[in-house]
Structures are given as structure tokens and as C-alpha cells.
Amino acid sequence: MKKKSTITLVLTVIALGLIFSAATFAFKTGVEAAPKTDVEYKPDMSDGADNFYKSNKVKKKKVSFKNQYNMEVAGNLFVPKGLNKKTKTPAIIVGHPMGAVKEQSANLYAQKMAERGFVTLSLDLSFWGESDGQPRNTVSPDIYAEDFSAAVDFLGTRSFVDRNRIGVLGICGSGSFAISAAKIDPRLKVIATVSMYDMGAANRNGLKHSQTIEQRKKILEEAAEQRYVEFTGGKTKYTSGTVHELNENSTAIEREFYDFYRTSRGEYTPKGSSPELTTHPTFTSNVKFMNFYPFEDIETISPRPMLFIAGENAHSREFSEDAYKLAGEPKELYIVPGAGHVDLYDRVKLIPFDKLESFFKENLKKE
């Protein structure tokens, strides 16, 4: 990646499980223009990319439940067809990438794991998708973690779910939120992450520690001043997220996320939102990630097992490696050969579902 100016570099390397735009386009000052699209661009559908997969082997039910902040959390409950509901079945909660919604990656994983015998629940984090929360696209790591615990509340009160055998699978940013939840919620018995981002470290330090403290302070100063603007009725400022157009200067990471979030491969606009806002958190709330330390005390999750899955070529690989080093036993770092970060969102031929199945079955088996 080429060197950029201070703020542009910061917005490029700080990741949200999406990609921080290298541009300071309309989202830096409010939504003022519709996104541009490249009509000739064709998404890369290689390796079985199938984000909008619909299984004929499971039953889907839209559900909702309250978290401890009395906010309604929306989800999709997937149950294997033919499941004997008189028995107690293990369950897995699946969290979507940061800035995404359950229809992006999470539903795919939830269905594939339900096909393998688990009851699964994909959820929209608060402030995103169909879940409650105002203003929309707000960053709140504490509430995100609470949503996972609320999902345990919901699953653990289903008559056909074994509340002592509930695991969690966090994709990208949700990996760090799931870990944050697991540190204080022992009901999450098994923890797996895929293409994880430590959203705290990514925002404080940038990828590969490319952001200086001075750059961090500059962002904090800008966000603090923007609070005055919005408090007095000014436009909401949005930041980061996925770029809306590509050009000859677009980075490989920008292209990677664009291919998923801005094309038919994975684009999804929830009801009440707009293509201009999808993936973009509010600028003034995004700085809350700088106070987020999901890997602090991660070793206290032990002896509950943890699995960290990352692509061999993923720009986010460092976060899975950091978590693995700090975690207590039992733990495993599983590297997918030839895969990048976004590849593991939807490329079915690359996603190690067999590994996930064996991990959850072994560790959620009856004692």
C-alpha cells in the first residue's frame, strides 16, 4: 500500500471488518452525493462465492429478543429439518462482519452449520440491520457484546436447545465482540472466529501498527469537534466503510471489499437504510473503538476452547495471531491456504466448514 497523507492513511488502514476508505469523500462531511458504480465491473464469484445461499435442508424463522438495554435484537433462527425437538440440541450464535448485517456472511455460515446438525442463530448487532438502536450505524462495543449474551438468553430458553452447549462464531469484527462477551459470559462454552479484526487495536494502531499516537489524537480531536456540530443540529458525519467506486489508484484492500459489499456478490441494503450509508459507521461514535480492548484477559476464557481461523494472505491475519498468542489452552490457530480476508466471508470452497463442524461437535458434545 502506498504511503498517504496522515488522515487518509489512518482511514485506509483502520479496519472495520470492511475497509476504511482512502478517500475523504462525502461521508467525511455528511451524505451529499449518491455513490458511483462501475457498470462494467463484474464481481469475482470464484471458489464458490455464495453469500446469499439458501439451504433446503434447514428451516428459517425470523426472531427477535431483548438485550439488557431493552433494545430489540433481530435474528434468523435456523433449525435442521427433521430435528427432534424433544431432544436438547447444541447451538451456535453467528455474528456478522462489522458494518455488515446478518444477510452478509452470517446467514451463510449459520445455514451451513445448521445443515451439520446444530441449531444456529444469526443476529444483527444493535444499530445495524433490523435491530434497534438510534442513531443508526452507531459504534458501541459494549452493546455489541451484550447482544451475544442476549442471544444466549434467547437460545438457552428454547425447549429444544441444550443451554449447556451453546457456542459462538464471530466473523471479522464480530470475532472481537464475541471474545469480549465470552470473557464475562461463561455460558458461551466454545468460541470460534473467522477473519477476525481486533476492532480496538485496528482503530488505535492501524494495520501492522502503521498509525502513530499523533495520528490517533488528530482523529479524536476531529471527532470531538464534530460532536458540537451534531449537537447543534448539523449533519451527521460518517466514516470508513467500503468505497463506492474504484479507480487506477484503488488499493488491493479497497478492491477486495468493494468486490463483496458494492456488487451483486454481497451488497445488501437493509430496510430504512440506503446504499450511501451501508458499511459506514458514524464518525463521532467510531472513536469508541479506541477504548475497546477485547484481548485483555483473553486467557481467562480458558479452559473453554477457542479456534482462530484466518486466511493465509489475509491483511487481518495479525489479529488472529495476536489472539492465539494471548489465549489460554485449549486453543488453535487454523490458517486457510491461499485465502484472503474477505474470501472467508462467502467463498464456500475455501471456508473450512469441516473444521468448524469438528471443532464445535467435539467441544459441544454431551459430557
Under the criterion side chain to side chain donor-acceptor pair (under 3.5 Å), I'd like the reasoning laid out for Glu72 against Ser64: C-alpha separation, chi angles, the key distance, then a yes or no.
CA-CA 6 Å; Glu72 201 78 22; Ser64 64; 2.8 Å; yes
I want to check a possible cation-pi pair here: Arg116 against Phe118, using under 6.0 Å from ring centre and within 45° of the ring axis as the test.
no
Checking [X] side chain against [Y] main chain: does a donor-acceptor pair fall under 3.5 Å?
| X | Y | result |
| --- | --- | --- |
| Gln104 | Val101 | yes |
| Asn313 | Gly340 | no |
| Arg136 | Gly129 | yes |
| Lys331 | Tyr324 | yes |
| Glu312 | Gly338 | yes |

Quick one: are [X] and [Y] in side-chain contact, heavy atoms under 4.5 Å?
| X | Y | value |
| --- | --- | --- |
| Ser122 | Tyr109 | no |
| Pro90 | Asp162 | no |
| Trp128 | Met98 | yes |
| Asn107 | Gln111 | yes |
| Asp346 | Tyr53 | no |
| Leu123 | Ser131 | no |
| Thr236 | Pro135 | no |
| Asp124 | His96 | yes |

Under the side-chain hydrogen bond (donor to acceptor under 3.5 Å, both in side chains) test against Asn67, which residue among Asp153, Asp132, Asp147 passes?
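In the set Asp153, Asp132, Asp147, the residue that makes a side-chain hydrogen bond (donor to acceptor under 3.5 Å, both in side chains) with Asn67 is Asp147.
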Evaluate side chain to side chain contact (heavy atoms under 4.5 Å, CB included) for Val79 paired with Lys61, printing each intermediate quantity in order.
CA-CA 8 Å; Val79 177; Lys61 181 181 179 181; over 6 Å; no
Under a single-linkage definition using a 4.5 Å side-chain heavy-atom cutoff for Ile, Leu, Val, Met, Phe, Trp and Tyr, are [X] and [Y] assigned to the same hydrophobic cluster?
| X | Y | result |
| --- | --- | --- |
| Leu364 | Leu155 | yes |
| Phe360 | Phe353 | yes |
| Phe78 | Val119 | no |

Would you say that more than 12 heavy atoms from the other residues, nucleotides or ligands in this model lie under 6.0 Å from the [atom1] of [X], or not?
| X | atom1 | result |
| --- | --- | --- |
| Arg227 | CZ | no |
| Lys349 | NZ | no |
| Arg163 | CZ | no |
| Lys81 | NZ | yes |

Would you tell me whether Ser149 and Arg187 have side-chain atoms, one donor and one acceptor, within less than 3.5 Å of each other?
no
Verify the distance criterion only: is there a donor paired with an acceptor across the side chains of Arg216 and Asn205 at less than 3.5 Å?
yes
Residues Met290, Leu220; criterion side chain to side chain contact (heavy atoms under 4.5 Å, CB included); working and verdict
CA-CA 9 Å; Met290 295 194 187; Leu220 294 174; 3.7 Å; yes
Mutual orientation of the aromatic rings belonging to Phe52 and Tyr268 [parallel < 30°, tilted 30-60°, perpendicular > 60°]:
tilted
With sequence neighbours left out, write down each residue that passes salt bridge (charged side-chain N to carboxylate O under 4.0 Å, His left out) with Lys361, or none if nothing qualifies.
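Lys361 satisfies salt bridge (charged side-chain N to carboxylate O under 4.0 Å, His left out) with Glu357 only.
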Just jot down the salt bridge (charged side-chain N to carboxylate O under 4.0 Å, His left out) partners of Asp50, sequence neighbours excluded, or say none.
none
Can you tell me how far [atom2] of [Y] sits from [atom1] of [X], rounded to the nearest 0.5 angstrom?
| X | Y | atom1 | atom2 | value |
| --- | --- | --- | --- | --- |
| Tyr197 | Asn203 | OH | CG | 10.0 Å |
| Phe319 | Asp322 | CZ | CG | 7.5 Å |
| Lys112 | Lys57 | NZ | NZ | 7.5 Å |
| Thr284 | Phe231 | OG1 | CZ | 12.5 Å |
| Lys102 | Leu121 | NZ | CG | 10.0 Å |

Which pairs would a plain distance check flag for residues 294-303, meaning a side-chain donor or acceptor within less than 3.5 Å of a matching protein atom at least two apart in sequence or in another chain?
residue: Thr300; atom: OG1; partner: Asp297; partner atom: O; Å: 2.6
residue: Ser302; atom: OG; partner: Glu329; partner atom: O; Å: 2.4

Is the [X] to [Y] ring centre distance short of 6.0 Å?
| X | Y | result |
| --- | --- | --- |
| His315 | Phe257 | yes |
| Phe292 | Phe177 | yes |
| Tyr258 | Tyr41 | yes |

Dump the intermediate steps for salt bridge (charged side-chain N to carboxylate O under 4.0 Å, His left out) on Lys62 and Glu130, then the final yes or no.
CA-CA 11 Å; Lys62 294 178 72 69; Glu130 297 177 290; 2.9 Å; yes
Salt-bridge test for Asp44 and Arg347: reply yes if a basic N is under 4.0 Å from a carboxylate O, no otherwise.
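Yes.
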Ile179/Met196 under side chain to side chain contact (heavy atoms under 4.5 Å, CB included): CA gap, chis, key distance, verdict
CA-CA 10 Å; Ile179 288 173; Met196 180 172 56; 3.5 Å; yes
Determine whether Val342 and Asp259 satisfy the following criterion, side chain to side chain contact (heavy atoms under 4.5 Å, CB included), listing intermediate values before the conclusion.
CA-CA 9 Å; Val342 180; Asp259 192 77; over 6 Å; no
